[in-house]
Amino acid sequence: MSPAAVDWASLDPPAAEILARYDQRKAAMLPLLHLVQGRVGCIPPEGEQWVSDKTGVAPSHVHEVVTFYTMYRAKAIGRCHIQVCTNLPCVLRGAESVLACLTERLGIDVGQTTPDGTFTLSSVECLCACEIAPMAQVNDRYVGPLDRAAVDRLLEDPTLAPLTPSLSPQGRGREGEGILSRRFSQAGGAWYDAYVADGGYEAAKQALTTMTPQQVIDEVMRANLRGLGGAGFPTGKKWSFIPKSSPKPVYLVVNADEGEPGTFKDRYLLERDPHAVLEGMLIAAYAIGSHKAYIYIRGEYVEAYQRFCRAVEEARARGWVGRGVQGRWEWDVTVHRGAGAYICGEETALLTSLEGGKGFPRLKPPFPAISGLFASPTIVNNVETLASVPPIIRRGAAWFAGLGTPKQGGMRLFSLCGHVERPGIYEASAGVTLRSLIERAGGVRAGRPLKAVVPGGISAKILTAQEIDVAMDFDSLAAAGTMAGSGGVIVMDDTTCMVKALATAAKFFAHESCGQCSPCREGTGWAYKILSRILRGDGRPGDLDTLLSVAGNMEGKTICVFADAAAWPIQSYIRKFREEFEHHVREGHCDLLSSPVSLSPACPH
Amino acid sequence: MPTLTIDGQQVTVPPGTTIIQAADQLGITIPRYCYHPGLSIAGNCRICLVEVEKAPKLQIACYTPVADGMVVHTGSDKTLKARQEVLEFLLANHPLDCPVCDQAGECELQNYYMDHGRYEARFLEQKVKKSKKATPIGPTVMLDQERCILCSRCVRFTDEISKTSELGIFHRGDHAELDVVPGRALDNAYAGNVVDICPVGALTDRDFRFKARVWYLSSSPSVCPGCSRGCNIEIHYVLDRPYLADGARVMRLKPRYNPAVNQWWMCDEGRYGYKAIDRARLVQPMGRTQGLSPQGTVPSADSVSHPLVWDLAMTEAAQHLQEAQTRNQLGQWGVLPSPQMTNEELFLARQLFQERLGVACDGRVAERPATGDNFLMTADKSPNRRGMAAIFSETTDQKGTVPQGDSPLLAERAAAGELKGLIVFDHDLVALYGEAVARTVAQRVFLIYVGSHDTATSRLAHLVLPSAVYAEKDGTFTNVDGRVQRIVKAFEPLSGARGGLEIVADLARRLGAAFPHTTAAEVFRAIGASVPAFQGLTYETLGAHGAPLATAEAVTV
């Protein structure tokens, strides 16, 4: 549809519905832009102006938002948009040959559209479906694992779903075990009736009718529940930071902007057990005194978004969302979609984004509990953290705490990917060892020797094959010099070139830096350029020292910890595999890569 | 109030003060790019990282509030190393095109590099290519994206100060670019300020760029005469390089910080008003007759105007007044003082004409309609109407009358033939009353014009006395809020023009009524002694930022 042909007035009714969901107009920015792009195929200048009029945000700032997020585009593209993930977990499983196959078959380069307007080919950063790597997003659907035959089927009929759907049961833990993944295997997801049949919403009922908010907080505190988004902050303690008497509304914001490469557990929860998340949200809202919750789901998770919306409507129809929940509580939930920016997983960037801005992390203090969403007291919790709350209420803090380590209660959903035999979600006690997790995933593929493991998402410092007897709780991994992070475990076997692995990680950080702070904006790009030069065979003496210095110079110097996260892989890969890096610089290649390589270009956004 | 120690010096500041503000108070300058005291805190450039004892990491001085007992080190090894590192990052993708950059000499990348950088360059990679180099983004501002360090000062200015939001930083990471939103121009009335606050060569002034290297510039503090706000300014001028700008002396104006008036800002109308200083100036006295004119007669307005030497011109002016005095006709003379004049000039004119000669002075003239805004610009496009009102409303002990209320304007009386002589300061009667009225005045009265610029009125006048502009004289203006502010003579009047004080004092001397005070400072002391509104004010008490009239609230305009 050409912008001139757009009947903007026809967008008014859906826009009014969207605006009604938000406490402030500007917060409707991202969904209104999604609405325009869904209708027009892109966001033309008229669309920016229309959104500006609706939100009251200046056109310059609407344009900032459109250019910041990867999912928005100014020009229309082909009917079938194939976005191939080229982040580390997919690269480890052959993403580059998938991309090569696609460029060859389509006769176009990355970033181009076929002359007939059917296909547009892009390479993107992690879509958090590493269990089906190498994978791609085809329009709204996730497809994978991809190989030459799968590509052939895809190109024959992209409208069908000939490939493994993203709800593949592969890789989950054994039936019946665990508390977070127990309903994952139910066909079609755990909808309301199935959830209630399994004891769902009893915890919420118990909390709302028999406990005070403070008792709920105390229970969660005693359970030793730690924030499972990656920081590991004690959840009960965080809740207790909300001022007891605030004249402003208190907000609960759910961080469902899963983006840490190697992690896909929140997607499983959102798609397969949405009511567990929602029940956890209700209990949390009651505990902190919030009557309004926003759940910020990453934009690419279309299926998760749709499923979660359905769960909210189910819950609303059964009296769990809205007025007079159990006669005790009134709350509402707005399901919000992101638009393609890893940084929005940082809690203050998420809030800025939710308020309709670029995903810029905020200066702290104030912390969100004091001044968060709309400058009001706000608790931001991860999906998995909240899904852990109902079992705590139902079965008690002591039981939950006993499942984990002395300082970290409960279970965790570990995402295993890369060179394991059976990539997938594995639920285990927080104190499980890395070795046993890898073994549960079938060990290293084809029985090959293990070379290295990233234990907590791509930001975590790498461990060598000799270091995998470590327990996976926050404190043990911190003591081992790395971090538990998001629980995304990326396994690399002996065929992995560490230079290429690090360059792939560096590409991600350069692509995802929000660009606000000088050290991160310049340092991430600089590190990536050095690494890709080494990979091309143009390394120079001194490059490794420069890399370490650039990493050290951006670490700890910025508003958020993104720069630190970008620095840690550089520091740890080079420190632990220095000889391999030096060989690469010296020889221009290594035995693992037949010839010098260029990485697939990051999205030019 | 918390007391902290910065580099060994103790300072006590109000709670909520940031480290950078406390350091500024001590005269310790912590480098800054994104921080600007007039804008919200962005905290993004990271150049102001300082070491705070007991803090695990370096803290940004622009955002970190002071605490009692805090110990800050702005020159420690850790601080200096961080500063150098941040500079290296900022310069990694910078084009380093200083030789062709107009910001050179006042560029904080250059300055801080020399102070804190000085590292061996080690960035070997391809720099990020950005889309706009030397591209105009509005009538006054040029953008160079490659030089931009994305500090966001200009974006915050257009959001928070001009409230026009033309600018944004688009895209992300190292591809982020400052630009105007597509389809718009940076054309707000305050756009030029973004050039002032840009710490690097990304935003340059289209009017100024490549006119002069900044190290050739001299600077003098002054007050913008463009409207009654009286924004504090610096006049940047060059006297010894006439080839730079066709002989013009003033190269640009910059706003000068005054918390009570304009903070850090000024409007573009005022900023580019400087051009009048060196343009269309009157540079010699002119008269309608050769030698002395027959007293008491009005030469034809169509007669040819001739240059006069100053002595002859002043003699003629004095003789006309003396003649009128002799014939007891001073009551048929009038003076139109101007709100363009300084308080000192107005006071001297009042003393001479109104008090000593008994000539009516009428400050009431029609003004051309103009508009102001709700920020700095006022509708009154003259710098000293408030001062004029204060000085001429206070005269009780005098011979001359102060026409007030609904009494006929002097200019109207002149046109009606009721007057014999009229001395006009600065006003352009043609612009105010129309060509026909002005011509009638010139046919019926002896018209003396004292002013700096060639106007239709100066061309009609029988005697023209060219005067200095604000940059060429000392004095004070009283702004719309009753704040009396000094202007400082940056340079001598153009050859052939004379300061207004000098002209009035000379006339007084020739009329046998020489003043004991002639310099601006002396006259100002005399004002303070005799005009209640100015009581207690001296140049010393005015200082750099001026002071309110003693009766600031009482005087209305």
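Letters A, B, ... mirror the listed sequences (proteins, then strands); counts begin at 1. No experiment lies behind these values; they were computed from the predicted model shown. What you see below is based on every heavy atom in this structure, not just the backbone, and it leaves out hydrogens, waters and symmetry mates.
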Given 3.5 Å as the limit, does a donor-acceptor pair link the side chain of A/Lys529 with the main chain of B/Gln126, or not? yes

So, for B/Phe89 and A/Val550, which heavy atoms are closest and what is the spacing to 0.1 Å? CZ-O, 3.7 Å

Okay, B/Val128 and chain A: the region with an atom under 4.5 Å from a heavy atom over there is both

Option in A/Gly552, A/Ser549, A/Cys520 with maximal non-hydrogen atom pairs under 4.5 Å from chain B: A/Ser549

From B/Leu150 atom CG to A/Glu522 atom CD, the distance as rounded to the nearest 0.5 Å: 7.5 Å

Does any backbone or side-chain atom of A/Thr524 lie under 4.5 Å from a heavy atom of chain B? Answer side chain, backbone, both or neither. neither

Option in B/Gly43, B/Gly183, B/Pro65 with maximal non-hydrogen atom pairs under 4.5 Å from chain A: B/Gly43

Any side-chain to backbone donor/acceptor pair from B/Tyr63 onto A/Lys364? Under 3.5 Å, distance only. no

Could you give the distance from CD1 (B/Ile169) to OG (A/Ser60), rounded to the nearest 0.5 Å? 11.0 Å

Which atoms of B/Lys127 approach chain A - backbone, side chain, both or neither, heavy atom under 4.5 Å: backbone

So which atom in B/Ser165 and which in A/Ala58 form the shortest heavy-atom distance, rounded to 0.1 Å? CB-CB, 3.5 Å

Can you check whether B/Cys45's main-chain N or O pairs, donor with acceptor, with A/Ser518's side chain at less than 3.5 Å? yes

Stepwise, does the side-chain hydrogen bond (donor to acceptor under 3.5 Å, both in side chains) test hold for A/His61 with B/Asp159? CA-CA 10 Å; A/His61 299 307; B/Asp159 282 343; 2.8 Å; yes

Provide the closest heavy-atom pair for A/Trp526 versus B/Glu88 in the form atom of the first, atom of the second, distance. CH2-OE2, 3.4 Å

If you count heavy-atom pairs within less than 4.5 Å of chain A, which of B/Leu167, B/Val86, B/Ile60, B/Asp179 leads? B/Leu167

Do you know which of A/Arg521, A/Glu512, A/Gln516, A/Lys358 makes side-chain contact (heavy atoms from CB on, under 4.5 Å) with B/Arg172? A/Glu512

Does CG belonging to B/Asp68 count more than 12 external heavy atoms closer than 6.0 Å? yes

Out of A/Pro519, A/Gly515, A/Pro59, return the one with the most heavy atom pairs under 4.5 angstrom to chain B. A/Pro519

Tell me, out of B/Gln59, B/Arg122, B/Lys57, who's got the most heavy-atom pairs with chain A below 4.5 Å. B/Arg122

Closest non-hydrogen atom pair between B/Arg46 and A/Lys557, with its separation: NE-O, 2.6 Å

Pick one of side chain, backbone, both or neither for A/Arg362, based on which atoms fall under 4.5 Å of a heavy atom in chain B. neither

Less than 4.5 Å to any heavy atom of chain A: does that hold for the side chain of B/Tyr33, its backbone, both, or neither? neither

Give, as side chain, backbone, both or neither, the part of A/Ile530 having an atom under 4.5 angstrom from any heavy atom of chain B. both

Minimum heavy-atom distance A/Leu363-B/Ile41, with the two atoms named: CD1-CG2, 4.0 Å

Just give me the residue among B/Gly168, B/Pro56, B/Gly173, B/Pro182 that pairs up with chain A most often, heavy atom to heavy atom, under 4.5 Å. B/Gly173

